[in-house]
There are 2 protein chains.
Amino acid sequence: MNTHLPNLKHLQYLLALNEHQHFHRAADACFVSQSTLSSAIIKLEQLLDCQLIERDHKSFVFTAHGKAVVKMAEQLIHNATDLVEFSRSQGLAGKGHIYLGCIPTIAPFLLTDVISASSQQLPDIELFIKEAPTEVLLEQLANGDIDIAILALPIDNKYSNSFKQTHLCQDPLYLVGDEILTEQVSKDGGYKNIPAESVFLLSDEHCLTEHALSACKLVEQSKINPFSATSIATLLQMTIHHQGLTFLPEMAINKGVAGHAYLRVMAMKGKPYRDIAMLERKGSLRTETFKLLATLISELFN
Amino acid sequence: MNTHLPNLKHLQYLLALNEHQHFHRAADACFVSQSTLSSAIIKLEQLLDCQLIERDHKSFVFTAHGKAVVKMAEQLIHNATDLVEFSRSQGLAGKGHIYLGCIPTIAPFLLTDVISASSQQLPDIELFIKEAPTEVLLEQLANGDIDIAILALPIDNKYSNSFKQTHLCQDPLYLVGDEILTEQVSKDGGYKNIPAESVFLLSDEHCLTEHALSACKLVEQSKINPFSATSIATLLQMTIHHQGLTFLPEMAINKGVAGHAYLRVMAMKGKPYRDIAMLERKGSLRTETFKLLATLISELFN
DNA sequence: GTTTTTGATAGAAAATTACGATGAATACTC
DNA sequence: GAGTATTCATCGTAATTTTCTATCAAAAAC
């Protein structure tokens, strides 16, 4: 807090004076009295400690410096107006920018559809996507880097009770992999007869791994291959190459990722699924807007 | 006059809040009370019609949009501060930008010296030069496009009594040209024995032409070549090529423009000269600054 | 010489901004 | 678990800033 800054309204008066070259007409254009405009200019000159116009009792001219100030003021007013107009559109339901975070095992299968549906049905909303694992998303949501997060439940985090959850859909998990192995598992109803290290999983920060393990009730650590993939694409490549098994969510399969001739896709016992939800901060006032987006996403999957 | 714009001070409060992430510390940094800052933020949110921060009674976070507003506000405050600081330096004696207009028969011989001397002796002044004929300069001076004009007296213009004149120097005129002709003129004390069309002049908008004619008392129109040059360089080329005569000011000759082997330079009868003066608007408050520049220029020529 | 135009000024009114005290909700301490 | 501290919001009042109305002074127009 150092220099005193001018009142933007007074700068607008200056611009009006420059435009109309006449105190009374400029004042009219600003819907204020002539004396208001006159004293505002004087005030500006005092604040800026320099002469903006030279008067000779009947008329006036802008000084060269006055003209330079006008140019700068125009820019300033323009930027300020931008800021206001930009903000105004943000508060209303169904409008504004939404910063949306999404976990990597959802993003590639959900977001293209969401973005195109949203640009159709919610044309006044602009989405800005960030992809990050659950823990990072929760952090970003808590500190305001993103407005909403789309991820798989449950979440368990120091912030989690300051978030509001909106359930979006259930996403079933499937067993995917080598034909012989998938049939073996199907016949046995378990994993005891498959070779060691034949189950491939994503790395630990992906919650999908957790879901898959709890869904298949795989307890023998030896069946799990020590390589851990960091993306579903890599996971599938590893599975194919080593003739192994893995678990994929339906939304990925629907997008054709398991379309490789070698792969078999098989429903699992107990029809396990993951719950996909949208999170927002409880303090947010844009619930209406976010609900519109949530409804749109739900409808895409039901 | 349309949208209401925010108070820049309030935007500064917002920036302080962003920086300190704490109402009380931010308020301290702005030298206001915590309640002032708190209500200023609320006021901003009302004006912008959106949520900038989300509070939960003990703490708060900036929304994604709040962060965007902070970025824009930073830019805005920065520009506003620039405007103020830029202006502040303008009013003081010996400081600021000076927009200086000069006629083309002075500019090339005076300004390089003036600029270098000024940057030495008046380092806080920055000169911006415009070159234009007298009539244009007077117009620009009157409407504030330039702060001061340097030109040859006398001036006679609808604005001229709203200008203040500062005499800078006397600039003697010399007869320049073909050896035989210059000696002829010198011997005769007049122009009756030189060939027709052997006197070369600048075009009419250059006041030097007027000065030259009144100085030499040349009445016979037939002696004047119908070609009229638009610059001293061209004038000299024409004079040399057609073995004619012309008139040049001392400041041009001192800069070596008449250094061509063929040319003779001869003082004229009655030692005619033009008066060089600096003009400013009577309404200007920067007289002190302009006087410093005038003194500097005078000293360069005395 | 009077009227009109134009910008400045003074004093009162209105609006805005700021302050101090208090309150509510939460976290911290012992 | 009661007491203390921290933190931001709120309320009423005070100070400041902005604006208005009316009037003035200078110059131009008629």
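Chain letters run A, B, ... following the sequence lines, proteins first, then strands; residues in each count from 1.
Taking B/Ser284 as the reference, A/Gln51, A/Glu54, B/Glu280, B/Arg286, B/Phe290 meet the side-chain contact (heavy atoms from CB on, under 4.5 Å) condition, with sequence neighbours excluded. Judged as a side-chain contact (heavy atoms from CB on, under 4.5 Å), and not counting sequence neighbours, B/Ser89 has no contacts. Residues that satisfy the side-chain contact (heavy atoms from CB on, under 4.5 Å) test with A/Arg55, not counting sequence neighbours, are A/Ile41, A/Ile42, A/Glu45, A/Ile53, A/Phe60. A/Leu47 is linked by a side-chain contact (heavy atoms from CB on, under 4.5 Å) to A/His4, A/Pro6, B/Arg88, counting only residues two or more places apart in sequence or in another chain.
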Show me, pair by pair, the donor-acceptor contacts under 3.5 angstrom made by side chains of residues 121-131 of chain A, not counting sequence neighbours?
none

Compile the donor-acceptor pairs under 3.5 Å between side chains in residues 92-107 of chain B and protein atoms, sequence neighbours left out, one pair per line.
{"unit_1": "B/Thr105", "atom_1": "OG1", "unit_2": "B/Arg274", "atom_2": "NH1", "d": "3.0"}

Identify all side-chain donor-acceptor contacts of residues 21-34 of chain B below 3.5 Å with residues at least two apart in sequence or on another chain.
{"unit_1": "B/Gln21", "atom_1": "NE2", "unit_2": "B/Asn18", "atom_2": "O", "d": "3.0"}
{"unit_1": "B/His22", "atom_1": "ND1", "unit_2": "B/His24", "atom_2": "N", "d": "3.2"}
{"unit_1": "B/His22", "atom_1": "ND1", "unit_2": "B/Arg25", "atom_2": "N", "d": "3.1"}
{"unit_1": "B/Ser33", "atom_1": "OG", "unit_2": "B/Ser35", "atom_2": "OG", "d": "3.2"}
{"unit_1": "B/Ser33", "atom_1": "OG", "unit_2": "B/Thr36", "atom_2": "N", "d": "3.2"}
{"unit_1": "B/Ser33", "atom_1": "OG", "unit_2": "B/Thr36", "atom_2": "OG1", "d": "2.9"}

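Taking atom CD1 of A/Ile53 as the reference point, atom C1' of C/dA8 lies 11 Å away to the nearest angstrom. Computed from coordinates, the A/Ile42 CD1 to D/dT17 P distance equals 16 Å when rounded to whole Å. As a whole-Å value, the separation of A/Leu47 CG from D/dT18 C1' is 15 Å. When rounded to the nearest whole Å, the span between CZ of B/Phe62 and P of D/dC8 equals 11 Å. Between the CZ atom of B/Phe60 and the P atom of D/dA9 there is a distance of 8 Å, given to the nearest Å. With rounding to whole Å, B/Leu44 atom CG is found 17 Å from D/dC8 atom P. With rounding to whole Å, A/Ile41 atom CD1 is found 17 Å from C/dT6 atom P.
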Go along nucleotides 16-28 of chain C 5' to 3' and tag each nucleotide: B for a protein heavy atom under 4.0 Å from its base, S when only backbone or sugar atoms are that close, - otherwise.
-SSBBB---S---
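Looking at heavy atoms from C-beta onward, B/His78 lies in side-chain contact with B/Asp82 at the 4.5 angstrom threshold.
In this structure, B/Thr166 contributes its side chain and B/Ala294 its backbone to no donor-acceptor pair below 3.5 Å.
Contacts between residues 20-28 of chain A and DNA chain C, defined by a heavy-atom separation below 4.0 Å, involve A/His22, A/Phe23, A/His24, listed by number.
Distances shown here put every side-chain N or O of B/Arg55 at or beyond 4.0 Å from the OP1 or OP2 atom of D/dT7.
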